[in-house]
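Quick caveat: nothing in here was measured; it's all calculated off a predicted structure. In what follows, every heavy atom counts, from backbone to side chain, and hydrogens, waters and symmetry copies are set aside.
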Number of protein chains: 2
Amino acid sequence: MDSADLQALRTAIRCVPDYPKPGILFRDITTLLGNAPMFQLAVAELSRPWADRQIGHVAGIEARGFILGGAVAHRVGAGFIPIRKKGKLPHETVRVAYSLEYGLDEMEMHRDAIEPGEQVLLIDDLIATGGTAEAAVKLLRGLGAEILAACFVIDLPELGGARRLQALDVPVHSLVAFQGQ
Amino acid sequence: MDSADLQALRTAIRCVPDYPKPGILFRDITTLLGNAPMFQLAVAELSRPWADRQIGHVAGIEARGFILGGAVAHRVGAGFIPIRKKGKLPHETVRVAYSLEYGLDEMEMHRDAIEPGEQVLLIDDLIATGGTAEAAVKLLRGLGAEILAACFVIDLPELGGARRLQALDVPVHSLVAFQGQ
């Protein structure tokens, strides 16, 4: 991506001070999603490194990862897998617990969503501490997926999520990095 | 859509008996989403009628409407607007209440998500009673949108949702109809 495109993507992301609580500068991707050229650019750039790879499925993390994941799956010609908060999927699932700021939650996917050995691209809008992404990696690998990469529009590198995934041998592809939380 | 394609889409939707409660036959779209040719077909057919129209934004209803809405926005070259459950959007919102089986809930969108007068395509995976779709229509029209159509993969016509939207002068475009609940 050239530097003008990168700067345009950065500028399309709205900064909301003190959300969801005082002292946090929230990176709001809805302004990028709503900007047609920037949405197309983000989807193209998330997809570009895998143009010559055989992608079995694109997996998106609920809920914002569904928007980008659906678009990337359409662009690369793959099927889409939703990784959801617990209790939302109607068929037999596999579950994994992950840490939130206070306590634990669980996410799940359908047990029959992938074939062992297939290559999966994991998509979310943003990586911060990497807790949900790591949980998604565990779910997918538990069913035999090879994770081609985890892809994010936004990385907050100081929170360590990308390093956490790389330590699991998951390649990380992000488009825009912001310092701070 | 020819009848072989239509039959293929129908077959790709899994039926889950007694979910979420006894007596309900749940139409599970995840098997269609995960099937690459069927996902591409559904996105193409949802988008096809609007090929020569100027679409300002595609609005998707949380959460499954995000998957198809993101893909349709990518296909038609529009930006995407998330219509979310309350409390999930960081900037100034507009809200509307809608009825659930027991009680009320609210959904919201960002107040600055659209320009008055623009044409918006509303997307969700399924229309049943039409309660959430009607709420989404109210939000979008309240901000001055012209709703080009509401598009769904699945219609359950006995539940009356499509008629409810048509009574509001919203054209309804659905791909597959199933009798019963």
Side-chain angles (χ1 to χ4, degrees), chain A residues 12 14-20 24 26-40 42-44 47 55-60 62-82 84-85 87-92 109-110 112-115 123, chain B residues 12 14-20 24 26-40 42-44 47 55-60 62-82 84-85 87-92 109-110 112-115 123:
Chain A
R14 173 161 55 195
C15 297
V16 181
D18 299 320
Y19 184 90
I24 302 292
F26 186 80
R27 308 297 176 168
D28 175 16
I29 201 170
T30 67
T31 43
L32 183 155
L33 300 174
N35 178 326
M38 291 302 104
F39 180 56
Q40 297 290 324
V43 173
S47 306
I55 299 172
H57 284 95
V58 173
E62 186 170 5
R64 287 187 300 259
F66 286 6
I67 304 166
L68 291 155
V72 169
H74 177 258
R75 188 174 186 99
V76 304
F80 177 85
I81 301 169
R84 300 207 65 172
K85 286 151 191 158
K88 306 281 191 81
L89 289 168
H91 203 63
E92 191 187 356
M109 58 181 286
H110 277 143
D112 63 0
I114 61 168
E115 299 290 329
I123 308 272
Chain B
R14 174 162 54 193
C15 298
V16 182
D18 299 320
Y19 183 90
I24 302 291
F26 186 81
R27 308 297 176 168
D28 175 16
I29 201 169
T30 67
T31 43
L32 183 156
L33 301 174
N35 178 325
M38 291 301 105
F39 180 56
Q40 297 290 323
V43 173
S47 307
I55 299 173
H57 284 96
V58 173
E62 186 169 6
R64 288 188 298 259
F66 285 6
I67 303 166
L68 291 155
V72 169
H74 177 257
R75 187 173 187 100
V76 303
F80 177 86
I81 300 169
R84 300 208 65 172
K85 287 154 189 156
K88 305 282 190 79
L89 289 167
H91 203 64
E92 190 187 354
M109 58 180 287
H110 277 142
D112 62 0
I114 61 167
E115 298 290 328
I123 308 271

Where is the tightest heavy-atom contact between A:Ala36 and B:Gly79, given as atom of each residue plus distance?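 Result for this residue pair: CB-N, 3.5 Å.
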Compare every heavy atom of A:Ala71 with every heavy atom of B:Gly70, then report the nearest pair and how far apart it is.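 Shortest heavy-atom separation between B:Gly70 and A:Ala71 comes out as O-CB, 3.5 Å.
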What do the steps show when you test A:Lys88 against B:Arg64 for side chain to side chain contact (heavy atoms under 4.5 Å, CB included), and what is the final call? CA-CA 10 Å; A:Lys88 306 281 191 81; B:Arg64 288 188 298 259; over 6 Å; no
Taking A:His91 for the side chain and B:Val16 for the main chain, is one N or O donor matched with an acceptor at less than 3.5 Å?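 Flag not set: sc A:His91 to bb B:Val16 has no pair under 3.5 Å.
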For the candidates [options], which exhibits the highest count of non-hydrogen atom pairs separated by less than 4.5 Å from chain A?
| options | value |
| --- | --- |
| B:Ala73, B:Ala113, B:Gly60, B:Gly65 | B:Ala73 |
| B:Asp112, B:Val58, B:Val72, B:Leu32 | B:Asp112 |
| B:Gly56, B:Gly34, B:Gly69, B:Gly77 | B:Gly34 |

Could you look at [X] and say if it's the side chain, the backbone, both or neither that has a heavy atom under 4.5 Å from chain B?
| X | value |
| --- | --- |
| A:Leu89 | both |
| A:Ala44 | neither |
| A:Pro82 | side chain |

Drop me the distance from A:Ile67's CD1 to B:His74's NE2, to the nearest 0.5 angstrom.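 Interatomic distance, A:Ile67 CD1 to B:His74 NE2, rounded to 0.5 Å: 14.5 Å.
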If I measure from the heavy atoms of chain A, does [X] come under 4.5 Å with its side chain, its backbone, both, or neither?
| X | result |
| --- | --- |
| B:Ala59 | neither |
| B:Phe39 | side chain |
| B:Phe80 | both |
| B:Ala63 | both |

If you apply the rule side chain to side chain contact (heavy atoms under 4.5 Å, CB included), what do you find for A:Thr30 with B:Arg84, and how did you get there? CA-CA 11 Å; A:Thr30 67; B:Arg84 300 208 65 172; over 6 Å; no
